[in-house]
Amino acid sequence: MATTDRQELQTLRDLIRYGVSRLNAAKVALGHGSDNAWDEAVYLVLHGLHLPPDTLDPFLDARVLAKERERVLDLIDRRVSERLPAAYLTHEAWLRGHRFYVDSRVIVPRSPIAELLDEGLSPWVQDANDVQYALDMCTGSGCLAILSALAFPYAEVDAVDLSPEALDVARRNVDDFGLQDQVTLHASNLFDSLPERAYDVIVCNPPYVNSASMDALPPEYRHEPALALAGGTDGMDLVRRILEAAPRYLSEQGVLVLEIGHERDHFEAAFPDLHPVWLETAQASDQILLLTREQLTL
């Protein structure tokens, strides 16, 4: 875009319209926080102008300074040319109204389990205040561990990841939320290095993308760590290990909440004798399942 043309973009409304056009024309892949070009463009414009991400209307027709315009257009240009998820450009992701630091060492927080934690996993957890121990397996950025700590205020929360780089990001987020006394990070290959505990709640968003789907991922998703996405031929490699070990780490009334994305058919083929409860959210159906300790020990 020529410099003289860029100068025609004078207001937030102009920049957003331009952003939507660029994103649509480039056919960027969405799904890292936005599912449409309008929301993605609004987010990039507001972030580039250091404005609140949920306050657009009062500023929509405000004129921007030349330096502000260039800062916003640089974000849009990089989003299109580098195919980077917006969260990697802004180093933040918003989940259920909470801001998390992110970079390319972790996948972008987007798990629909977060919505279930809003209500403390009710009715499956009868009283959130009674949860003593909670575990976030495959924690990545630490977002679900932090949301678990907020949902279960009296719980000790363990957060586990194999990647030291992911744990560095998680540590930053735990510190940002001031939860160092409630959330403990563990470098572990799944349950291998965990303390002997009976968890009342285990949440887990493991690598579950099957091999064929991994091969077909758009560029945006290829910027994310493959270690956090790839689940083997049928996507169930880690899920098998998790389900085998989980009963030894669940309390008598404990529950496991597991995200498997679009792999329900593969899950049911791999575990024909398991009959989980499938949990629905506003974002997802047939993507999150719940199993009790009793079901896992049959």
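Fair warning: this is a prediction, and the values are worked out from it, not measured in the lab.
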Can you see whether [X] engages [Y] through a side-chain donor-acceptor pair at a distance of less than 3.5 angstrom?
{"X": "Ser141", "Y": "Asn173", "answer": "no"}
{"X": "Glu224", "Y": "His32", "answer": "yes"}
{"X": "Asp237", "Y": "Tyr208", "answer": "no"}

Distance in Å, [X] [atom1] paired with [Y] [atom2], rounded so as to fall on 0.5 Å steps:
{"X": "Asp136", "Y": "Leu147", "atom1": "CG", "atom2": "CG", "result": "9.0 Å"}
{"X": "Cys204", "Y": "Ile242", "atom1": "SG", "atom2": "CD1", "result": "3.5 Å"}
{"X": "Arg172", "Y": "His91", "atom1": "CZ", "atom2": "NE2", "result": "8.5 Å"}

Could you tell me whether the side chain of [X] and the main chain of [Y] form a donor-acceptor pair under 3.5 Å?
{"X": "Ser188", "Y": "Leu190", "value": "yes"}
{"X": "Ser213", "Y": "Val209", "value": "no"}
{"X": "Arg240", "Y": "Leu238", "value": "no"}
{"X": "Glu220", "Y": "Ala29", "value": "yes"}
{"X": "Ser122", "Y": "Val125", "value": "no"}

Less than 4.5 Å apart, side chain to side chain, heavy atoms only: is that true for Tyr101 and Val169? yes
Could you tell me whether the side chain of Val255 reaches within less than 4.5 Å of the side chain of Leu291, counting heavy atoms only? no
Can you establish whether the number of heavy atoms outside Glu165 located under 6.0 Å from its atom CD is more than 12? no
More than 12 heavy atoms from other groups under 6.0 Å of CD on Gln10: yes
Residues Arg197, Glu156: salt bridge by 4.0 Å N-O rule: yes
For a side chain to side chain contact (heavy atoms under 4.5 Å, CB included) with Leu258, tell me which candidate from Asn205, Leu289, Val203, Leu290 qualifies. Leu289
What orientation do Tyr249 and Phe191 show, parallel under 30°, tilted 30 to 60°, or perpendicular over 60°? parallel
